[in-house]
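Beneath this line is the structure, given in C-alpha cells, with notes to follow.
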Amino acid sequence: MTDPASLPADPPATGPGRGRRFAVPAVLVALAVAVLLASFLLYLRSASRVSTVALAATPRAVSTVAARAGSYRQVSRYIATIEPWVEARVGPQLVSAYVDEVLVRPGAPVKRGQVIARLDCRNAAEESKAIAAQSRAVEARHQAVAHEAARVGELLGGGFVSPNEAEQKAAESASKEAELQGSRARLARSALEVDDCVLRAPFDGEVGARAMDPGAFARPGAWIASVVDRSTLRVVLDVPESDFASVAPGTPVKLTILATGASVDARVSRRSPAADRSTRTIHVEVDVPDPGRRLPVFTTAEVAVAAAQAVPATGIPLPAATVRGRKASVVVVDRGVARRSTYAVLGEDQGTLYLEPTLAAGSLVVTEGRSGLQDGEHVTANPPAPAASSPAPAGHP
C-alpha cells in the first residue's frame, strides 16, 4: 500500500475563479455601506429642516395701517319722491259716456280752461232739454196758481170765500213753488252733466299722461288725462321719528336728482307735526323752484341732511374693523402684541370708518391677518401706510 504522506501535495489554488469568489462579497458590502451612508445623509438633511420652535411662539405676520385723526360730520340720507306742485286727473264726475275725442298728448302745455277731451253726451243733452221744458211748464202752472191764490185772498177780506178755501189755494201755490224749485234743481244737475262732457284743464300746466283714446268708455271717477304744474316742485320724504329735530323747517339739505344726476341745494319747507300712526315716520316737504321745468316729476331724489357741526373722530379703513350695529371690533398692535378692542362707530364715508377718539391717532390697526388672531398673540407688523396729517372733515352732504 502506498503511504498517503508519501504522495505529493496539491498545488495552491490560483487563477480567475479564486478572484471572482472574493469580488462579489466585496461589491455587496460596498453597496450596503453606500445605501446606509445615503440614508444617513438623507436623515440628517430632513432633520435639519424640522423646526423645533412651537408655532404658538412664532409671531404671525400681519398688515397694519396707522389710524388717522380727523373729524366727522354725520349725514343722514333719505330717499324721496319728486312731486309736482299740483296735479289733476281730468275725467268725468257725473256721467258715463264714450270718449269722442282727446285733444292733447303727454308733454303738451295747456292753459286753464283749455279743452282737453270731449265725451259723446247726446243723451245727456236731450235729457237736459226735456227737463228744461218740464221746468217751464211747472213755472207756468205755479204762476197761475199763485195768481189764483192772491185773488182768493182778496175775496177772503170781503167775506166772499171761506178761510178754508183760501188756505187750500195758498197751500197749492206753495206746493207748486216747491215743485218749481225741484224742477230747477234737476235742470241745474242736467246742465252740470252736459258741462261734464267737455273736460277742461283746471290750471296752467302740462299734460303728464293720457289714459284713454277716442272710443273708450269713461265712467265717473275714471280719468282721461292728467295735468301737472312743474313751476315749483315738492320733494316729499318720510323720516324716522328719531330724526324729527334734524329736519326742522329751514334746515339746509342737498338733493341729488337720480333721473338727471343734478345736485340742488335747498331748505326744508315744511314738516308735519304728527307722525304716521302705522309707520311712525314724519312727513317732510322741500320746495324746489323750477321755472324752466327741467326736472321730471314722480322720480327719485336722494336727500342728504348734515348735522349741525363736526365732531372729533379717528379714521381707519373700513376692512380693518368688524362692525356690528354701532360698535366696531378692532385689532391694535401694541409693542408686537395684538390687542382686540371695541369702539363706538360715529359713521362711515367713502371707505373710511370713523370711530370715537378713544382710539388714539397713530395706533397701528391690523388690516390683513385678523382672522383667527387671538387677543395677546405676538405679531410681526408690516410697515404701516403713512397717516394723513390733517384729513378733511368727513360727512359733508
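Just so you know, residue 1 is the first one in the sequence shown, and it goes up from there. Just so we're clear, the structure is a prediction, and the values are computed from it rather than from any experiment.
- Side-chain N or O atoms of Asp100 include none that pairs as donor or acceptor with a backbone N or O of Arg118 at under 3.5 Å.
- Between Asp196 and Val95, the closest heavy-atom pair is OD2-N, 3.5 Å.
- Atom CG of residue Asp276 and atom NE2 of residue His283 lie 10.5 Å apart, to the nearest 0.5 angstrom.
- Hydrophobic clustering places Leu318 together with Tyr343 (ILVMFWY residues linked when any side-chain heavy atoms are closer than 4.5 Å, directly or through intermediates).
- Distance check, rounded to the nearest 0.5 Å: CG of Asp265 to CG of Leu255 gives 8.0 Å.
- Looking at Thr314, its side chain does come within 3.5 Å of a backbone N or O of Leu359 through a donor-acceptor pair.
- Using a 4.5 Å cut-off on side-chain heavy atoms (C-beta onward), Val330 and Ser341 make no contact.
- For the residue pair Val286 and Val268, the shortest heavy atom distance occurs at CG2-CA, 4.1 Å.
- Asp204 and Arg112 get closest at one heavy-atom pair: OD1-N, 2.7 Å.
- Criterion: ILVMFWY side-chain heavy atoms under 4.5 Å apart, direct or through other members. Under it, Val284 and Val236 are not part of a common hydrophobic cluster.
- Checked by atom type, the side-chain pair Glu83/Thr81 shows no donor-acceptor distance below 3.5 Å.
- Under a hydrophobic-cluster definition in which Ile, Leu, Val, Met, Phe, Trp and Tyr are linked whenever side-chain heavy atoms come within less than 4.5 Å, directly or via other members, Leu119 and Leu94 are assigned to the same cluster.
- In terms of heavy-atom proximity, Arg230 sits nearest to Arg294 at NH1-C, 4.3 Å.
- Linking ILVMFWY residues whenever their side-chain heavy atoms come closer than 4.5 Å, directly or via other members, leaves Leu258 and Leu233 in distinct clusters.
- A donor and an acceptor atom, one from each side chain of Asp349 and Thr352, are nowhere located under 3.5 Å apart.
- Within a 6.0 Å sphere centred on OH of Tyr98, heavy atoms belonging to other residues, nucleotides or ligands number 12 at most.
- Taking the side chain as every heavy atom from C-beta outward, Pro249 and Ser269 never approach each other to under 4.5 Å.
- In summary, of the residues considered (Val332, Val365, Val65), a side chain to side chain contact (heavy atoms under 4.5 Å, CB included) with Ile316 occurs for Val365 alone.
- A donor-acceptor contact shorter than 3.5 Å links the side chain of Gln114 to the backbone of Lys111.
- Between Val102 and Met212, the closest heavy-atom pair is CG2-O, 3.6 Å.
- A donor-acceptor pair under 3.5 Å is formed between the side chain of Arg326 and the backbone N or O of Val345.
- Distance check, rounded to the nearest 0.5 Å: OG1 of Thr342 to CZ of Arg324 gives 9.0 Å.
- The side-chain heavy atoms of Ile224 and Ile116, taken from C-beta on, include no pair separated by under 4.5 Å.
- One N or O on the side chain of Arg267 and one on the backbone of Gly250 form a donor-acceptor pair closer than 3.5 Å.
- Side-chain atoms of Val311 and Ser71, non-hydrogen and from C-beta on, never get closer than 4.5 Å to each other.
- Note that OG1 of Thr251 and CZ of Arg271 are 7.5 Å apart. Values are rounded to the nearest 0.5 Å.
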Worked verdict on Arg340 versus Asp375 for salt bridge (charged side-chain N to carboxylate O under 4.0 Å, His left out): CA-CA 6 Å; Arg340 190 177 294 274; Asp375 188 27; over 6 Å; no

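- With a 4.5 Å cut-off on side-chain heavy atoms, Val264 and Val288 count as touching.
- Distance check: Phe217 CZ to Asp120 CG gives 10.5 Å after rounding to the nearest 0.5 Å.
- In this structure, Lys327 NZ and Leu355 CG are separated by 10.5 Å, a value rounded to the nearest 0.5 Å.
- Residues Gln93 and Pro220 fail the side-chain proximity criterion, which asks for heavy atoms closer than 4.5 Å.
- Formation of a donor-acceptor pair under 3.5 Å by the Arg200 side chain with backbone atoms of Gly113 is found in this model.
- No side-chain donor-acceptor contact under 3.5 Å links Glu241 to the backbone of Phe244.
- The shortest distance between side-chain heavy atoms of Ser231 and Arg293 falls below 4.5 Å.
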Tell me, with the steps shown, if Val366 and Val333 meet side chain to side chain contact (heavy atoms under 4.5 Å, CB included). CA-CA 7 Å; Val366 178; Val333 178; 3.6 Å; yes

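- Under a hydrophobic-cluster definition in which Ile, Leu, Val, Met, Phe, Trp and Tyr are linked whenever side-chain heavy atoms come within less than 4.5 Å, directly or via other members, Phe298 and Ile82 are assigned to the same cluster.
- Proximity of Val110 to Val207: side-chain heavy atoms (C-beta onward) are separated by under 4.5 Å at one or more points.
- Side-chain atoms of Thr367 come within 3.5 Å of backbone atoms of Ser63 as a donor-acceptor pair (strictly under, hydrogens ignored).
- Remark: Asp334 does not engage Arg339 in a salt bridge, criterion side-chain N to carboxylate O under 4.0 Å.
- A donor-acceptor distance shorter than 3.5 angstrom exists from the side chain of Ser39 to the backbone of Val35, with no hydrogens or angles considered.
- The pair Arg270-Asp287 meets the salt-bridge criterion, with a side-chain N (NZ, NE, NH1 or NH2) lying under 4.0 Å from an Asp/Glu carboxylate O.
- Of all heavy-atom pairs between Val235 and Ala80, the closest is CG1-CB, 3.5 Å.
- A side-chain donor-acceptor contact under 3.5 Å links Ser226 to the backbone of Ala209.
- Looking at Asp243 and Tyr78, their side chains do bring a donor and an acceptor atom within 3.5 Å of each other.
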